[in-house]
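Single-structure report; data block below.
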Number of protein chains: 2
Amino acid sequence: MVTIKDVAKHAGVSVATVSRVLNNNGYVGTETRKNVMAAIEELNYSPNEVARSLYKRGSRLIGLLLPDITNPFFPQLARGVEDEAGRQGFRLLLGNSDEDIEKEMDYIQTFVQNNVVGMITATNHVDYDMYQSLDLPLVLLDRTSSSYPAVYADGREGGRLAAETLIKKGAQRVTLVKGPAHVKPAVDRYRGAMEVLGEADVDFSVMSTTSYAFEEALNWAEELFQKFPETDGIIASNDIVAIAIVHEALKRGKNIPGDLQIIGYDDIPQSRLSYPPLTTIRQPAYEMGRKAAELLIQRIGHPQQEHRSIQMPVELIQRHTTRKDDQE
Amino acid sequence: MVTIKDVAKHAGVSVATVSRVLNNNGYVGTETRKNVMAAIEELNYSPNEVARSLYKRGSRLIGLLLPDITNPFFPQLARGVEDEAGRQGFRLLLGNSDEDIEKEMDYIQTFVQNNVVGMITATNHVDYDMYQSLDLPLVLLDRTSSSYPAVYADGREGGRLAAETLIKKGAQRVTLVKGPAHVKPAVDRYRGAMEVLGEADVDFSVMSTTSYAFEEALNWAEELFQKFPETDGIIASNDIVAIAIVHEALKRGKNIPGDLQIIGYDDIPQSRLSYPPLTTIRQPAYEMGRKAAELLIQRIGHPQQEHRSIQMPVELIQRHTTRKDDQE
DNA sequence: ATGTTCTATGTAACCGGTTACACAATGCAG
DNA sequence: CTGCATTGTGTAACCGGTTACATAGAACAT
């Protein structure tokens, strides 16, 4: 490994001088600078971030903690974070928490041990000690809290929008699929939808699910049709579940959207690809990730400044699992 | 931040002793050990990995470089890598290369600067200087090379299998969708399929695609039906494209698998969810990720040892975009 | 009793950077 | 020409750990 000492020797100067040209601070003679640059070039030197980080007590690393990258909503978020962070010279340490506190704590510890300068986390456990005692810039992603800045989409509005849409399009017997109770955004959506359903002249039922896992989606779908075979409008807890429901409905020979309308949540990329293409409530995942990184890096620069959160708008994406014509 | 000095002072010993109990080496008296442990506990100390890494010239970090985490094949890989790495006490630095050499070089540089102890990369550019001159344990994932250990699935066999299946099930006019030419595994599959098609008594056409991006998938599908409206069997370049093709076919009123059979590649989780559920060639992505991490960590322990690669078997997953009955 | 080995602990060098401080040379004002 | 500010560079301390080496007492062998 070529170190700053090698460069110094090669250029016939001290390490301090090399450091000065590297960081572009302090006084350096024109000629000297040129020599040092040449030496750097020649030895193909690039400074050890670890040493740097040790002295500075801060790296160029950001910790990103997600529930599960395997859930298709998160890669978008992650990519948004990465792109923005990368643009500003930061790299990502990645962790999957599986919504498990143990794992989460583990990751946070190693993030800190590695001198990350900030963290972006999609956690339901902000109120735990570990976060309280963490003195790092932190931003929540897809979650909220009064204690930290957050980037999230308006889940309640999303839920309302989904329910309103279904009602407007003439659904009479709505089934609302409730996401896992420990996942905050899921309950926001649920509440939003309930608000609208409660005030409308429709029958409705609620079906609870306890996970967003792929493997279970088809089971939820089956269960749904067993329990509520007569439903003509379904608000799914997310797009995965929605797609599974579409699958099961077609298998049972239902006509979509004639007999049965379905509306998803998230607008993951494959929702456009499914057939019929899924009507859904869009969360701008990539953009949310970008904003979160932006916010975090801003805070890293100005830690004292008052924090602000960003609520992103949700949007109804009308495709073909709901009817074209509104029934007013 | 609480450092080893604080612990030493608190326990009334030297830093060396604290370090000894931390690392469980050297001699430490029973009583002393107890005191130190107590101090650690009390101060809630955990050692700074950065300092450690500087002296040891090696961290507990692994660099993971993927083309694009947003492509649904990769989260599985990533998760496999992460789980195995995590199990063995390693953390991941993540990078998306977009198959772009510039970005790739950038990431590799910062990985090295951060003292990663190894790298797992899905690159098509192993033969570039940057890899040659890298003296880090490296394992290729979903790619191969004679110079490095690799974990990959048998693409040629997968291609053959897809073609054989379609032929056996009676397709007469096969369309082979060729993936981007710069993506190695894509061309392996293509070759495998071609071998079989070339020797069979069927007509076939090849349609080239230049990307795996979601946004383009539906365009490829449309283009396919414009160019080859009479095809009755399609070998898609991956599951995303396959699902888009199913979409387009249904939209055009084709009967699947009656009029048209489709076979995908990868077996991403959503392939089971699509309707009709997709017949596809499965690559054990999660397992591949796990194995790659395993291999890498093994090499980190024994760098001199001769390297070996692992070829994972592919598998035909029969679902409902191909016919039940074989036509012999 | 003496020498050797084992146990226990501390001191200080080291990892590869950054920067406070010291010092010298130069430029410029009076 | 002298004095002070500016410029250019080196020395050494520091970041928070690890470990080579030194030291000393205890245990054991002869």
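We name chains A, B, ... by the order of the sequence lines, and we start the count at 1 in each one.
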Residues 58-101 of chain B vs ring pair (Phe, Tyr, Trp, His ring centres under 6.0 Å), sequence neighbours excluded, gives none
Assign each of B:Thr17 and A:Ser46 the nucleotide of DNA chain C bearing its closest heavy atom; nearer the 5' end lies the nucleotide of B:Thr17
Check the interface with nucleotides 12-15 of chain D: list each N/O to N/O pair with the protein under 3.5 Å, or write none.
unit_1, atom_1, unit_2, atom_2, d
D:dC15, O2, A:Tyr55, N, 3.4

Can you list every pair that meets salt bridge (Lys or Arg N to Asp or Glu O under 4.0 Å) and has a residue in [range], with sequence neighbours left out?
| range | value |
| --- | --- |
| residues 25-41 of chain B | B:Glu31-B:Lys34 |
| residues 101-124 of chain A | A:Asp98-A:Lys103 |
| residues 67-78 of chain B | A:Arg79-B:Asp68 |

Give the rounded distance in Å between these two atoms: [atom1] of [X] and [atom2] of [N].
| X | N | atom1 | atom2 | value |
| --- | --- | --- | --- | --- |
| B:Asn48 | C:dG17 | CG | P | 17 Å |
| B:Arg52 | C:dG16 | CZ | P | 18 Å |
| B:Gln113 | C:dT18 | CD | P | 11 Å |
| B:Ile40 | D:dG16 | CD1 | P | 16 Å |
| B:Ile4 | D:dG17 | CD1 | C1' | 6 Å |
| B:Leu43 | D:dG16 | CG | C1' | 15 Å |
| B:Arg60 | D:dT18 | CZ | P | 13 Å |

Distance col, row A:Leu54:CG vs A:Asn115:CG, nearest 0.5 angstrom, shows 7.5 Å
Using a cut-off of 4.0 Å on non-hydrogen atoms, how would the nucleic acid contact of B:Val18 be classed: base, sugar-phosphate, or nothing?
nothing
- prompt: Contact class for B:Val13 (heavy atom, under 4.0 Å): base, sugar-phosphate, or nothing?
  reply: sugar-phosphate
Going by salt bridge (Lys or Arg N to Asp or Glu O under 4.0 Å), name the residues that satisfy it together with [X], two or more places apart in sequence or in a different chain.
| X | result |
| --- | --- |
| A:Glu49 | A:Arg52 |
| A:Asp142 | none |
| B:Arg57 | none |

Expected string for nucleotides 21-27 of chain C under the B/S/- scheme (protein heavy atoms, under 4.0 Å, primed atoms plus P, OP1, OP2 as sugar-phosphate) is -------
The side chain to side chain contact (heavy atoms under 4.5 Å, CB included) partners of A:Ala181 (sequence neighbours excluded) come to none
Point to revise | Side-chain heavy atoms of A:Ser309 within contact of A:Tyr152, under 4.5 Å | key: yes
Sorted by chain and residue number, the ring pair (Phe, Tyr, Trp, His ring centres under 6.0 Å) partners of A:Tyr128 (sequence neighbours excluded) come out as A:His125
Expected list for residues 22-36 of chain B near DNA chain C, using heavy atoms below 4.0 Å, is B:Tyr27, B:Val28, B:Gly29, B:Thr32
